[in-house]
> 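This is the structure I want to talk about, given as structure tokens.
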Amino acid sequence: MNWPTVNNRWSIAESFLKQSGSNEQNISSFDAFVSREFQQEIYKNFNISASTGVDNCSKLNVHCKNVEIRKCILLNNDIDVHIPSHVKVSDSLARLLKCSLVSPVYLTICLKFNDKVEEVRDLLLCYLPIMVGSCLTRPRTAKNLADEGFFILNGSEKTIVVQQRKVNRMIQINNRRAEYVSEKNICRWWLEKDEATNNLYLNTKYAKCFAAIVLSEFCIDDSYILNSDLIKTKLAIDNQAQAERVAEIKKCFPTLNDSSDLPHILFPNMESKLSLMQFTYMCNLLINDKKNFWDRDHLHYKRVEMPSELLLMVLRKSLFRVLNSFKKRMLNFIEKYPNKPLITGVHRALDNRVVTEAFFYSLQTGNFPNTNGNQGIRTGVSQQRSNYNFSSILSQSRRLRSGDEKRAIVGQREVRSDTYGYLCAFDTQEGKQCGCSKHMATLTTVSIEFAGTVIKQILDEKNILSDIDLATNKNLIFINGFMYGQNDNIDEVAEMLRQYRRISIIDKGVSVHKKQNNLYIRSDCGRILRPLFHLKNLYELLRRCPSFTLESEHLDFFYLLNNGIIEFIDSSEENEMLVATNFQSLTNDTTHVELHPSLMLSMNALANNPYCEHNQGPR
């Protein structure tokens with residue numbers, strides 16, 4: 001077989017760099033934010049229900065629709081800068097006039113008061129800072145690889161340094177403790193095993209009770225419980241009165257009204273039957289776990305906070321303040337002027353400065369709220385763009401803060417085998433930040449959020465899932481860490497979903513991997529991905545088109561990506577694959593081949609520092 005040469009493979013990598021540059025991961029994340037996530041967050045949160053009047057008999061309901069992000073303008077001290085019609089708004093003009101590159105956000109508000117409905121259109125919600133090179137800016141020619149992916153505020157350039165965090169929406173077993181972490185949890189809870197008595201407890205910040213009480217309350221089949229001690233505890237609790245069991249559960253969840261609401265509290269927005277199966281599976285996993293597989297520094301348990309996730313937290317926090325202020329002002333207006341139409345009070349009630357100032361404050365100072373729901377802020381997330389030279393710009397655009405430099409933890413600073421091809425082993429800073437500030441490898445990107453409901457719909461339409469039977473404890477299918485179904489042949493299901501990914505029916509960043517006889521599908525954002533040749537599809541292409549030359553259209557990265565010959569893989573999926581470094585070392589079990597051996601390095605180490613294993617060139 002006439003396999004691609006090293007020069008052919010580098011030409012493919014070069015075509016990706018020419019078209020996407022070094023900030024492709026930031027730009028795609030921001031595009032997802034402005035095209036989908038920004039609007040969804042406003043639709044979800046902009047709902048107000050209030051009562052007014054002497055006896056609170058008058059009801060006010062407010063909701064919004066038609067959120068519209070308009071074309072870019074220049075803003076200077078909260079004043080729209082007038083630009084002649086023949087002059088186009090651009091980043092260079094914003095720098096020259098010391099303005100901010102923003103887009104106004106308008107929405108339509110529907111108000112219902114005493115069965116009277118009114119609609120107010122084109123209300124200004126905020127001015128949204130726009131990333132240069134995103135879908136909202138006019139087409140431009142990048143001067144170099146790192147000429148995009150930054151914001152312009154008051155004439156200065158600001159860039160976001162992406163942050164690493166722990167994974168959520170996954171069952172985490174660590175130190176005799178099992179927890180399903182999710183940002184939608186109403187009350188945080190976890191399972192804990194007592195080594196002395198071998199009992200299993202359901203813990204919250206309020207109290208704890210036997211996990212067998214929940215299994216007994218919902219009559220979980222004993223065959224689903226894979227531990228004899230847990231079955232004995234459950235049988236003893238079965239003889240208790242239901243009121244006693246409910247009282248024990250209410251100690252852990254004081255807001256619980258009825259025991260039937262418990263599955264919704266444990267796993268919000270999930271079916272009750274699936275929630276109980278998930279809870280039982282977690283009990284089996286913890287009480288039968290002989291080894292602790294949790295590794296806090298493994299790339300599989302890490303996620304990267306991209307601009308979309310960081311800006312969503314700023315929007316969520318500021319929108320909460322806007323809605324509280326809007327509600328109070330509207331109620332005061334109704335009390336003062338009960339006979340006036342509500343439209344006259346809406347424009348005064350909606351303050352467009354709150355959300356705008358929140359975005360500007362976070363990007364200018366670098367102080368962003370915590371995404372894990374904790375109070376406080378994080379500093380240094382947004383930085384002034386370092387325009388000293390091309391190397392410093394390129395380094396900043398691919399930087400990744402992967403740990404806390406104030407803590408003397410050796411594990412977060414080590415060069416690990418699971419980061420091969422994803423993070424550069426050489427490119428890091430000196431001093432206390434050594435190993436905590438890493439750089440992404442040359443062609444790595446980061447996944448964006450893809451709706452798990454699409455994958456569920458595909459599995460349902462194929463009618464290939466059976467009812468969950470935990471007695472077998474294998475062939476289970478998990479979507480974003482939550483149990484969804486079971487199939488006797490998960491290999492066929494995995495291959496079907498991978499084929500759908502290669503032909504773009506589902507997103508290119510979806511991960512499908514097997515572990516311990518179960519299938520895990522992940523479509524969440526923040527997973528680091530790298531491109532690899534899919535050997536079987538590449539063989540079919542070369543069999544049809546043996547002339548794989550430099551002039552061939554097949555040397556375009558995105559052509560190969562859209563035809564399934566190149567695919568993006570994350571670290572968890574790569575664990576079950578055999579990846580060859582070159583075409584001379586192929587075996588019968590090889591599934592993928594490296595795109596180019598030098599892509600394990602970062603852009604700076606690859607382009608600007610020859611022999612970087614001898615001299616890292618930190619400056």
Side-chain angles (χ1 to χ4, degrees), residues 16-35 38 68-106 124 126-162 306-308 310-311 314-315 355-366 368 381-399 445-446 603:
F16 175 86
L17 296 174
K18 286 181 179 178
Q19 295 182 54
S20 298
S22 65
N23 281 291
E24 183 269 339
Q25 74 282 355
N26 286 341
I27 294 174
S28 61
S29 176
F30 186 81
D31 285 345
F33 172 71
V34 296
S35 61
F38 182 82
E68 181 186 3
I69 303 177
R70 299 187 178 174
K71 63 180 183 179
C72 290
I73 62 171
L74 297 183
L75 197 70
N76 193 346
N77 294 328
D78 291 337
I79 301 173
D80 184 2
V81 178
H82 176 68
I83 304 296
S85 57
H86 65 277
V87 178
K88 301 295 183 181
V89 174
S90 64
D91 55 306
S92 57
L93 189 62
R95 281 189 289 260
L96 183 65
L97 300 178
K98 294 191 176 181
C99 298
S100 303
L101 188 66
V102 298
S103 283
V105 179
Y106 289 89
L124 179 64
C126 67
Y127 289 103
L128 177 66
I130 298 302
M131 182 179 287
V132 176
S134 65
C135 60
L136 291 179
T137 56
R138 59 188 291 264
R140 61 193 294 275
T141 302
K143 300 181 178 65
N144 52 53
L145 284 177
D147 194 31
E148 294 176 335
F150 55 89
F151 300 90
I152 299 180
L153 303 178
N154 297 326
S156 63
E157 300 171 351
K158 299 289 182 179
T159 185
I160 289 180
V161 178
V162 296
M306 299 304 290
S308 63
L310 295 165
L311 294 173
V314 177
L315 173 65
V355 182
T356 304
E357 289 174 357
F359 281 127
F360 273 62
Y361 170 78
S362 293
L363 289 172
Q364 285 180 332
T365 62
F368 277 74
V381 178
S382 174
Q383 297 178 357
Q384 182 77 25
R385 195 160 178 254
S386 56
N387 289 322
Y388 303 116
N389 50 47
F390 175 67
S391 296
S392 64
I393 299 173
L394 191 61
S395 171
Q396 193 177 36
S397 66
R398 304 288 291 178
R399 192 171 299 158
T445 186
V446 180
M603 290 186 180

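Counting begins at 1 with the first residue of the sequence.
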> Using side-chain contact (heavy atoms from CB on, under 4.5 Å) as the criterion, list what pairs up with Thr141, not counting sequence neighbours.
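Partners of Thr141 by the side-chain contact (heavy atoms from CB on, under 4.5 Å) criterion come out as none, since no residue qualifies.
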
> Can you name the closest pair of heavy atoms from Asn144 and Ala146 and give their distance?
OD1-N, 3.0 Å

> Hey, are the side chains of Leu74 and Leu101 touching, using non-hydrogen atoms and a 4.5 Å cut-off?
yes

> Listed by chain and number, what are the ring-ring contact (aromatic ring centres under 6.0 Å, His included) partners of Tyr127, not counting sequence neighbours?
none

> Out of curiosity, Phe150 CZ to Ile130 CD1, how far, rounded to the nearest 0.5 Å?
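Atom-to-atom, Phe150:CZ and Ile130:CD1 are 13.5 Å apart.
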
> For the pair Ser103 (side chain) and Leu128 (backbone), establish whether a donor and an acceptor sit closer than 3.5 Å, ignoring hydrogens and angles.
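Side chain of Ser103 to backbone of Leu128, a donor-acceptor pair under 3.5 Å: no, none is there.
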
> Ignoring hydrogens and angles, tell me if any N or O in the side chain of Ser397 forms a donor-acceptor pair with the backbone of Leu394 under 3.5 Å.
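Here the side-chain-to-backbone pair exists.
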
> Nearest 0.5 Å, what's the CD-OG distance between Gln384 and Ser156?
5.0 Å

> In chain order, what residues pass the side-chain contact (heavy atoms from CB on, under 4.5 Å) check against Gln364, with sequence neighbours excluded?
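Testing Gln364 for side-chain contact (heavy atoms from CB on, under 4.5 Å), a comparison that skips the adjacent residues, returns Leu153, Asn154, Phe360.
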
> Show the nearest heavy-atom pair for residues Thr159 and Gly149, with the distance to one decimal.
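Heavy-atom minimum between the residues: OG1-O, 4.0 Å.
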
> For the atom pair OG (Ser22) and CG (Leu145), what is the distance rounded to the nearest 0.5 Å?
6.0 Å

> Quick one: does Arg138's side chain get under 4.5 Å of Val89's, heavy atoms only?
no

> Parallel, tilted or perpendicular: which fits the ring planes of Phe38 and Phe359, with parallel below 30° and perpendicular above 60°?
tilted

> Only counting residues at least two apart or in another chain, list the ones meeting side-chain contact (heavy atoms from CB on, under 4.5 Å) with Asp80.
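Checked Asp80 against side-chain contact (heavy atoms from CB on, under 4.5 Å); matches are Ile73.
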
> If you take all heavy atoms of Val132 and Asp147, which pair is closest and at what distance?
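Closest approach of Val132 to Asp147: CG1-O, 4.5 Å.
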
> Specify the closest pair of heavy atoms between Leu97 and Val81, including all atoms of both residues, with the distance to one decimal.
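Closest approach of Leu97 to Val81: CD1-CG1, 4.4 Å.
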
> When rounded to the nearest 0.5 angstrom, what distance separates OG1 in Thr137 from NZ in Lys88?
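Thr137 OG1 to Lys88 NZ: 13.5 Å, rounded to 0.5 Å.
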
> Does any N or O in the side chain of Ser29 come within less than 3.5 Å of the main-chain N or O of Met306, such that one atom is a donor and the other an acceptor?
no

> Going from CE on Met131 to NZ on Lys158, what distance comes out if it is rounded to the nearest 0.5 angstrom?
14.5 Å

> Please report the closest heavy-atom contact between Gln25 and Val446, naming both atoms and the distance.
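Answer, listing the atom of Gln25 first, then Val446: CB-N, 4.0 Å.
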
> Not counting sequence neighbours, which residues clear ring-ring contact (aromatic ring centres under 6.0 Å, His included) with Phe151? List them please.
Phe30

> Tell me, please, which residues at least two apart from Asn77 pass side-chain contact (heavy atoms from CB on, under 4.5 Å).
none

> When you measure from the side chain of Ser362 to the backbone N and O of Ala358, does any donor-acceptor pair fall under 3.5 Å?
yes

> Got a second to check how far Phe368's CZ is from Leu363's CG, nearest 0.5 Å?
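Here the interatomic distance stands at 4.5 Å.
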
> How far apart are the closest heavy atoms of Ile393 and Arg385, and which atoms are they?
CG2-NH2, 3.3 Å

> If you apply the rule side chain to side chain contact (heavy atoms under 4.5 Å, CB included), what do you find for Thr356 with Val102, and how did you get there?
CA-CA 10 Å; Thr356 304; Val102 298; over 6 Å; no

